[in-house]
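The structure appears below as structure tokens.
What you see is a predicted model, and the numbers here were worked out from it, not measured in a lab. Every number for a ligand or one of its atoms is a count from 1 in the order of the listing.
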Amino acid sequence: MKDQLEAIQKEALEKVTQAANLKELQDIRVSYLGKKGSITKVLKGMGKLSSEERPIIGQMANAVRDAITTSIEEKATSLEQAALEKRLEEESIDVTLPGRPVNIGGPHLLTSIVEEIEDLFIGMGYEVKEGPEVETDYFNFEALNLPKNHPARDMQDSFYITNELLLRTHTSPVQARTMQEYEGNQPVKMICPGKVYRRDTDDATHSHQFTQIEGLYVDKNVRMSDLKGTLDKFAKKMFGEERKIRLRPSFFPFTEPSVEMDISCKVCHGEGCSVCKGTGWIEILGGGMVHPKVLSMAGYDPKVYSGFAFGMGPERIAMLKYGVSDIRGFYTNDVRFLKQYHKA
Ligand code: 2NL
């Protein structure tokens with residue numbers, strides 16, 4: 001029996017050494033240590049032994065069982081370790097692999113320009129106001145000294161919705177609304193950026209929908225020199241301190257007198273070149289002193305209050321500042337165009 005146990009131990013330990021996986025190891029456990037296993041069989045035969053032999057063989061059988069159990073456990077641990085290492089090897093992440101590029105958007109050129117202009121005027125104490133794009137005939141025309149039958153009110157030039165409603169043709173109605181809201185007894189210092197609409201055929205310099213920023217300053221003792229100083233500051237901040245401005249007489253129904261403002265050409269500094277078409281100057285906006293009728297219609301007494309107003313097209317400002325040659329670039333949104341103007 002002693003020989004038998006030794007043989008079982010030797011055989012079992014060899015098999016454990018050779019076991020390739022946990023399943024095989026489990027089979028070995030069952031065939032040696034299980035209820036019908038080799039060791040159990042030996043122990044069942046112990047009844048035939050003498051009382052002297054029985055404890056010796058019993059002790060030996062226990063020792064063999066312990067040795068096999070220990071070797072199975074050790075082998076199991078090493079198989080599990082090997083399996084884990086294999087998995088870690090297979091599932092390892094290559095941290096040197098380049099990442100997939102993420103496309104980050106940025107503000108549209110028109111948005112940037114509008115915000116830049118807003119910031120300049122906010123810095124001079126103006127508030128930024130917005131209003132409806134669908135306007136009444138009254139605020140879009142009547143309140144701005146454009147009475148019915150005025151040539152600038154040609155049905156052909158505006159998008160009418162009904163007889164009384166249209167898509168605003170300028171942002172001035174926002175200012176007319178604000179003056180009315182302030183009831184003629186407090187100063188107004190505001191700019192109003194927004195979309196405007198005109199019936200026009202789109203080309204490189206015209207669009208049926210574009211952007212306007214208008215400014216209005218109404219108070220006691222507001223003079224033309226205030227307009228000139230304000231616009232000079234604006235032009236220098238926007239285009240460079242070396243730029244000069246000039247005002248030319250013009251006409252708008254809502255201002256009197258009316259002016260158009262030019263800035264000196266940055267290419268030739270006023271000498272005349274192809275950029276400024278030989279004049280040395282580039283037109284950038286229009287303005288003037290608010291017409292007394294516009295003030296009185298809004299409830300301001302023109303004998304007490306005076307004001308200046310101006311209007312500009314941010315697309316034109318951006319085109320001049322960045323050399324954009326086609327206004328449609330702002331609306332077609334080709335990312336190759338837009339990307340050139342993303343600030344870091
Ligand atoms: C231009 C010229 C201008 C105004 C806009 C205005 C508004 C009120 C009263 C008086 Cl409420 N005037 N706005 C005045 C003169 C010119 O815009 O060429 N814009 C692109």
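The 12-atom threshold is not exceeded at NZ of Lys237, counting heavy atoms of other residues, nucleotides or ligands nearer than 6.0 Å. Residue-environment remark: NZ (Lys321) exceeds the threshold of 12 foreign heavy atoms within 6.0 Å. By the neighbour-count criterion of 12 heavy atoms within 6.0 Å, atom CZ of Arg223 is sparsely surrounded, having that number or fewer from other residues, nucleotides or ligands.
In this structure, the ring of Phe210 has its center no less than 6.0 angstrom from the ring center of Tyr331.
Of all the heavy atoms of Phe252, the ones lying under 4.0 Å from any atom of ligand 1 belong exclusively to the side chain. Only the side chain of Gln212 comes within 4.0 Å of ligand 1, counting heavy atoms alone; its backbone N, CA, C and O stay farther away.
Comparing Gln175, Glu260, Glu214 by heavy-atom distance to atom 13 (N) of ligand 1, the nearest is Glu214.
Test Leu216, Val188, Thr230 against Tyr126 for side chain to side chain contact (heavy atoms under 4.5 Å, CB included) and you get one pass: Thr230.
The two residues Thr178 and Lys129 have their closest heavy-atom pair at OG1-CD, 3.5 Å.
The protein atom (non-hydrogen) at minimum distance from atom 15 (C) of ligand 1 is Gly287 CA, 3.5 Å. Annotation: atom 12 (N) of ligand 1 to nearest protein heavy atom, Ala309 CB, 3.2 Å.
Not a single heavy atom of Leu285 sits less than 4.0 Å from an atom of ligand 1.
In the vicinity of Leu144, heavy-atom distances shorter than 4.0 Å reach the ligand 1 atoms 8 (C), 11 (Cl).
In terms of polar-atom proximity, Gly311 is counted as a contact of ligand 1, with an N or O under 3.5 Å from an N or O of the ligand.
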